[in-house]
Structure formats: C-alpha cells, structure tokens
Amino acid sequence: MTAEQFIASRASEAVKALYNVDFAAANMQVSVTRKDFEGDYTLVVFPLLRISHAAPAATGQAIGEWLVANCPEFSAFNAVQGFLNLSLSNVYWQETFASIAGDPDFGQLPSTGRRVMVEFSSPNTNKPLHLGHIRNNLLGASVSNLLKAAGDDVIKTTLVNDRGVHICKSMYAWQKRFDGATPESTGKKGDHLVGDCYVEFAKMEKENPAVLDDVHEMLVKWEEGDPAVRELWQMMNQWVFDGFEQTYKALGITFDKTYYEHETYLLGKELVQKGLDMGVFVKDPDGSVWCDLTADGLDRKLLLRSDGTSVYMTQDLGTAERRFAEYKLDSHVYVVGDEQNYHFQVLKLVLAKLGFDWAEQIFHLSYGMVELPEGKMKSREGTVVDADDLIEKMYLEAKATSEESGKLDGMPQDEKDRLYHMIGLGALKYFILKVDPKKKMLFNPKESIDFNGNTGPFIQYTHARICSILRKSETVAAGANAAGAAELSAKEIRLVKLLASYPQKVAEAASAYSPAVIANYAYDLAKEFNQYYHDTPILKEPDAAVLSMRLSLIATLALTLRKAMAILGIELPERM
RNA sequence: GGUUCCGUAGCUCAGCUGGAUAGAGCAACAGCCUUCUAAGCUGUGGGUCAAGAGUUCGAAUCUCUUCGGAAUCACCA
C-alpha cells in the first residue's frame, strides 16, 4: 500500500467516525505536500464539505485532530484553507525505508499474466538507420522493459521490410554503377553502401525516368523467384543486416523474434475472402476489394488491388491475426511514428469488423517525429542525422569530457573505452527518452547533446558518486539493511518518500507507455541525492548507527537509480 | 476541405485522471573545491500556460470558438 492509499483509508475512517458518513478511500484526494508547506502529504478537503457542513479550514482541523489522536503514524498536521497537511512519524518512514531496502525486487510489479508483443524498429533494407530510427528503437526497447517491470510477459519483435520496389532500386543502381563494389572492397559498412546505391538511383531516375521500368521488371522477376535477382537481393540484404547488427549492438537493442516481409507479405489474403463472405468488404467491378469505413468517419480502404495483389494493410491484417494466434497474445503494441495514425485506426477497425475481439487490444504507440531546426530531415537535402555518426560523436564527446577532468587516469584503456561509450550513449538515450513519446522533438545538430543538468550523464555521475562513498566505507558491510537503525532527518525522509513512490511511477509510466515518466523520476531522485550529499557528510558521521543507516540509504538509492535507468536501457558506471 | 495531434520562460522540456504562489535544465549574472568525485551545489533575473468564452468553490489541466503549426485522408510502404 502506498502512503497516499494509507492516508486515504485513514481519512475515510476519520470521516466515518466524525460524521458517520461513508466516503470511499478511493475518492479521497491525497497528494504530496507542496514544498512551501509543513507536512508530507496533503488531503484536499473540499470534496468533504457537504459531509462536514463546516468551513474548509474547520473541516481540515477536525480530521487532522482525529488522525493524530487515533493513528500513531501521524505526528502532526496543519489545515490551510481546504488543504489538510499531514506529517507522518519518523517511525513510519523508517519502516517504509526498511521494507524498501529489504526487498531486492522493489519496483518489479506483480505479474499481470498478460502476454504482450511489442513491435518496433522495423527498418527498410535500402538505407542506413538515422535519428528517427533511433527514437523508434529506444522507445520500443524501453517500453518493453517498462511493461516487464509492470508485470507483463513481453515479446520484442521487429518486421524487416526486406522486399519491394525500394530494394530493387538499390539493387539496380549497384548493378549499373558500382562496378562490383562490396563492403569489403570499399571498407564501408554494408547498410551505408546500399544506402549510397539508393541515393545513386535517385540521380539515375532524374537523368532518365525510364529506369523505373527496369526496376519494376526486376521486382516482377524477384516475385517470380528469378535466381539471379534473388541472389543479388540476398547478397545486398545481407550487407545491410550486418550493418544493422553493428548499430543495434552499439545501441544495445535486441529482439526475441524477427519477421521478414518476404515471408509475410502474402499474409492476409484469406482474410479478404473472409471479409467478403461476411459481407464487411465489397468487391468493385474491376476486381479490387475495399472496406467501407465511411460510417465510422473514415474513407474507403483498399485491401486488394484490381490485379489481385495485396497492399500494406492486407499484410498487416494477416500478420496481426497470425501473431495473436501463434503467441496467444493478450495485447500487441506497435511502435510506429504518428504519421501512421490513420493506418492503425483503420487496422483496428477492419480487424474488429472481421470479428476479432482482440482488435481493441492493439495499441499504436504513436510517437512524434524528430525534427531539425529547419524542419523534417530530408535525405534528398542531406540533412538526415545518421545513427552511426551520432553514436560515434557521442562517444567522442564523452571521451573529451572525461579526459579533461582527468578522473579516470590510471584506468586501463579498454575500460575507459567502455565507459566513454556508456556515457555517450547514456546522454543520447536520455536525451531522447526524457521527452514524452507523443510529442515531436527537436534535435539541433549544431549543438551537442548536453552532459550537464537534466541529462543521462548527470544521473550516471550521481551513481558514480554514491559508489565512491560505498567503496570507501569498508567498515560497513555493503548492502546491509540498517534502515531502521536511526532517526531520519528531514532530507532523508524526502529521499525515502521519493524512493517509496517508485513502484507507482512504474505503473504510471507503463499505463501511459511513457519511459519519460521514469526518466524524470530518475532525475528527481538524483537531484534530491545531490542536495543531500552536499550538506550531509556521510563517512564522517561519528554515530555508527546513523552511519550505517545512511550507507543503507545511499545504497538503496543507487540500486533504485540502476533499476530505473535500466528501463531506459542506460547503464550506470561505478566511476566516471 | 474532412479527421487527428500539438502550442507552457530567450531555447529544450516537466506539470495535464481539475487543487495552494505554474517547475526543471540550458543560456545570462553572482557565489561555493585544503573538506565523501565541481559532469556537482546555492542564489538572482526571466511567464497574458497562443487568444477568447464556458463548466466549477477552484482551470495550464475539462468543453466550445478563433488563431498558429504538424500529420494524414493513394491500386505507396
């Protein structure tokens, strides 16, 4: 039970005792007391006025008196207007602290029994990953971690778009203009080489639009299984996969299951027949099949072309059906940009019309685009921020900052490199994940991502500081739970209060599918610690009981920071 | 044109299931390292929460209107 719930239930008892009226604890409004007022939590008494038939302050006064008189957990109160500020006793906070410190799984919510598939990344194999993909990947990986922490059974998946006309364009340009170049011969990462081919094709098309016909011919050959085309396709795709693999590895992204579009693009065709049989789809005279969604405020949606081939939507319908059946899913999250909001609206609606009751369990985690100061990234104008370049740049920034401080002198080089990568990536991941997914975000390539303030490295640094203190305290067994050993100071109570709210934050973040909630929580916790650190000497504390309590407290803080940041996929170093 | 989303400090963002005087960071300015890591801490200045109306004891938060921005509505994926 959270402190808020505890207070609400006691307040409910107070109302019953004072006014003989039942007022459900769930309807009590309890929040953390504002900084400028005395107290831990505040009960808003306005909703109780029609029960008390008294002025707001008087009502607060009466309830406050009853609580302090009848519940030992409350140590003091003050009523200001309609706000009853309540202080909980030191013992209450010590017990709270002890239960957190004694629970290794603190923050892991009980199993929901829900099995959820999260699809994200889903790249095209005709060009390398850019900053937009980074946001997608980080969100997908992080939301997966988040749902796991909230008790779901999560399957991470990706659907690689490895076929289609765009791939053929790269293949065609490579054949005509790249003179057999390979990643080995050029020393270029495979996905970048294929990306160059794609760019080259755009030039060829400009010079002579007829090349498009050649590409379509190539696509037809691919669909027929022409050995030469398939071989080329396989070779170039493999270059891309190898390149992606490196980028994923650098970002720490993994999947439980990878789908390839060349295996799934024909799925969904039998659903079209089913829809026709059910009368929810219609066939036009030219043979094309549609679903009429005008009654739902949308348009008519094509599901089968007049030549009998399927469209993107058809495939998605089939893929969803197969996944729900194969994995017995309770829910499916798609991490896809908000430019596809309409697509997912239609997807859910069509599935519902086909009679699938799980259609409403599909959740489109729709995130905003990453924009540059001058607007959207455009590959034609060369403003795309390349993922590999950015990761490298972050590494170099971290390296420069570290070397300047000289704090890592004497550390082996490979360990330093690992650390630079951890810090650079921490800055990048935090920068992206701290923003509400729904919102579009701005990235200015001219300004480097900050390492100070509300950033990943700030939290990493805080963690390293705590570790440094714990290293120096050999006399006290690390990890020992000395939570109840001593009275807590006001600042320590603030820390315990924040720690105690972590499980709620996980639940809140998970229900909003928002890692940003966790990011901001971790920042608050780190900031609160730094203030505490600044004016409370820990190792110099003469009283052994107080010293152990403090060490327990900071060890618990470090652990909670690690757990929260692990949800974001960010590692915390012991030194930096 | 229809639908959907967004607009909070100079900049980047929190806060949005209605609660007290709207918070951080960056940037600017002024302090704090002989003292557990200064990637830190403290302080100052900075706001018509796009505008207007409504609901309410109470609105940045809910509703409507207007203005501004974005996405989308393909026999593209």
Side-chain angles (χ1 to χ4, degrees), chain A residues 29 31 33-37 42 44-47 49 56 80-83 85 122 124 161 163-166 261 265 284 286-290 297-313 315-316 337-343 345-346 366 368-369 371 373 375-376 398 401-402 404-405 407 423 427 431 434-436 438-444 447 450-462 464-473 508 511-512 516-517 519-520 523-524 526-527 529-541 550 554 575-576:
Chain A
Q29 291 183 35
S31 54
T33 300
R34 287 181 65 105
K35 239 185 274 169
D36 342 299
F37 294 89
T42 297
V44 182
V45 301
F46 286 109
L49 297 185
V80 182
Q81 298 165 41
F83 302 93
N85 301 317
S122 304
N124 289 343
N161 187 348
R163 62 161 287 281
V165 72
H166 51 289
E261 246 189 56
Y265 78 108
D284 275 6
D286 66 359
S288 58
V289 177
W290 301 76
L298 305 175
D299 299 301
R300 257 164 62 104
K301 181 70 195 175
L302 179 83
L303 296 170
L304 216 55
R305 296 190 186 101
S306 50
D307 64 5
T309 58
S310 56
V311 293
Y312 187 53
M313 180 62 72
Q315 177 195 179
D316 261 15
D338 61 9
E339 55 197 354
Q340 292 199 42
N341 284 351
Y342 183 78
H343 174 82
Q345 223 181 325
V346 171
S366 159
M369 298 288 103
E371 291 182 3
K376 285 183 73 169
T401 308
S402 278
E404 199 182 328
S405 81
K407 285 177 189 167
I423 295 166
F431 175 79
K434 78 169 173 182
V435 180
D436 185 333
K438 292 198 301 266
K439 297 196 171 181
K440 67 176 181 213
M441 60 179 296
L442 193 102
F443 175 79
N444 189 345
E447 296 167 13
D450 228 309
F451 283 42
N452 300 318
N454 187 357
T455 66
F458 168 83
I459 296 166
Q460 291 174 319
Y461 177 73
T462 304
R465 262 185 163 175
I466 295 175
C467 290
S468 170
I469 299 173
L470 292 175
R471 269 196 304 274
K472 288 179 179 163
S473 63
E508 199 183 310
S511 69
V517 172
N520 286 302
Y523 175 66
D524 287 343
K527 190 168 171 58
F529 167 79
N530 275 315
Q531 289 167 10
Y532 173 66
Y533 171 93
H534 185 256
D535 45 35
T536 309
I538 294 170
L539 292 176
K540 285 187 192 147
E541 173 57 43
R550 286 184 181 163
I554 64 170
R575 290 183 59 188
M576 73 181 268

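Below, chain A is the first sequence line, B the second, and so on; all start at residue 1.
- Scanning for salt bridge (Lys or Arg N to Asp or Glu O under 4.0 Å) contacts around Lys438(A) gives Asp436(A), with sequence neighbours left out.
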Using atom names, set out every protein N or O paired with an N or O of nucleotides 43-46 of chain B below 3.5 Å, distance rounded to 0.1 Å.
none

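- Within the structure, every side-chain polar atom (N or O) of Asn452(A) is placed at least 4.0 Å from both OP1 and OP2 of C26(B).
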One character per nucleotide, please: for nucleotides 72-77 of chain B, 5' to 3', B when the base has a protein heavy atom closer than 4.0 Å, S when only the sugar-phosphate does, - otherwise.
SS-BSB
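- For the strand RNA chain B, secondary-structure stems (runs of at least three Watson-Crick or G-U pairs, all distances below 3.5 Å) span B:1-7 with B:67-73, B:10-13 with B:23-26, B:28-32 with B:40-44, B:50-54 with B:62-66.
- Scored by the salt bridge (Lys or Arg N to Asp or Glu O under 4.0 Å) test, Asp284(A) finds Arg300(A) as partners (sequence neighbours excluded).
- In this structure, CD1 of Ile538(A) is placed 13 Å from C1' of U37(B), rounded to the nearest angstrom.
- For the salt bridge (Lys or Arg N to Asp or Glu O under 4.0 Å) test, no residue two or more places apart in sequence or in another chain qualifies with Glu508(A).
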Assign a letter to each nucleotide of nucleotides 18-23 of chain B from its 5' end: B, base within under 4.0 Å of a protein heavy atom; S, sugar-phosphate only; -, no contact.
-BBS-S
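- Every ring pair (Phe, Tyr, Trp, His ring centres under 6.0 Å) that Tyr533(A) has, sequence neighbours left out, goes to Phe529(A).
- Using a 4.0 Å cut-off, no side-chain N or O of Ser468(A) falls inside it from OP1 or OP2 of C36(B).
- No side-chain donor-acceptor contact under 3.5 Å links Arg575(A) to the backbone of Cys467(A).
- Distance CG (Asn341(A)) to C1' (C6(B)): 12 Å, rounded to an integer number of Å.
- Taking Ser306(A) as the reference, Asp286(A), Ser288(A) meet the side chain to side chain contact (heavy atoms under 4.5 Å, CB included) condition, with sequence neighbours excluded.
- For the pair Phe458(A) CZ and A24(B) P, the computed distance is 13 Å after rounding to whole Å.
- Both Ala526(A) and Ala464(A) sit near RNA chain B, but only Ala464(A) has its closest nucleotide nearer the 5' end.
- Distance, Gln460(A) CD to G40(B) P: 12 Å, rounded to whole Å.
- Side-chain contact check for Thr455(A) and Asp450(A): no donor-acceptor pair (N or O, by modelled atom type) lies under 3.5 Å.
- Going from atom CZ of Phe529(A) over to atom P of G40(B) covers 13 Å, rounded to whole Å.
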Anything under 3.5 Å between a protein N or O and an N or O of nucleotides 32-34 of chain B, put it in a table, one pair a line.
none

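- Atom C1' of nucleotide A24(B) and atom CG of Asp450(A) are separated by 13 Å, given to the nearest angstrom.
- Between the side chain of Ser405(A) and the base of A38(B), no donor-acceptor pair of N or O atoms lies under 3.5 Å.
- With P as the reference atom, U65(B) and C75(B) are 31 Å apart, rounded to whole Å.
- We find that OH of Tyr461(A) is positioned 11 Å from C1' of C36(B), with the value rounded to whole Å.
- Between the side chains of Thr42(A) and Ser31(A), no donor-acceptor pair is found at a separation under 3.5 Å.
- Among the nucleotides C41(B), C36(B), A38(B), the one closest to the side chain of Lys407(A) is A38(B).
- Atom C1' of nucleotide C26(B) and atom OH of Tyr523(A) are separated by 10 Å, given to the nearest angstrom.
- The nearest pair of heavy atoms linking Lys434(A) to Asn520(A) is O-ND2, 3.7 Å.
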Reading nucleotides 8-15 of chain B 5' to 3', which nucleotides get B (base under 4.0 Å from a protein heavy atom), which S (sugar-phosphate only), which -?
----SSS-
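- Not counting sequence neighbours, the partners of Tyr312(A) by the ring pair (Phe, Tyr, Trp, His ring centres under 6.0 Å) test are His343(A).
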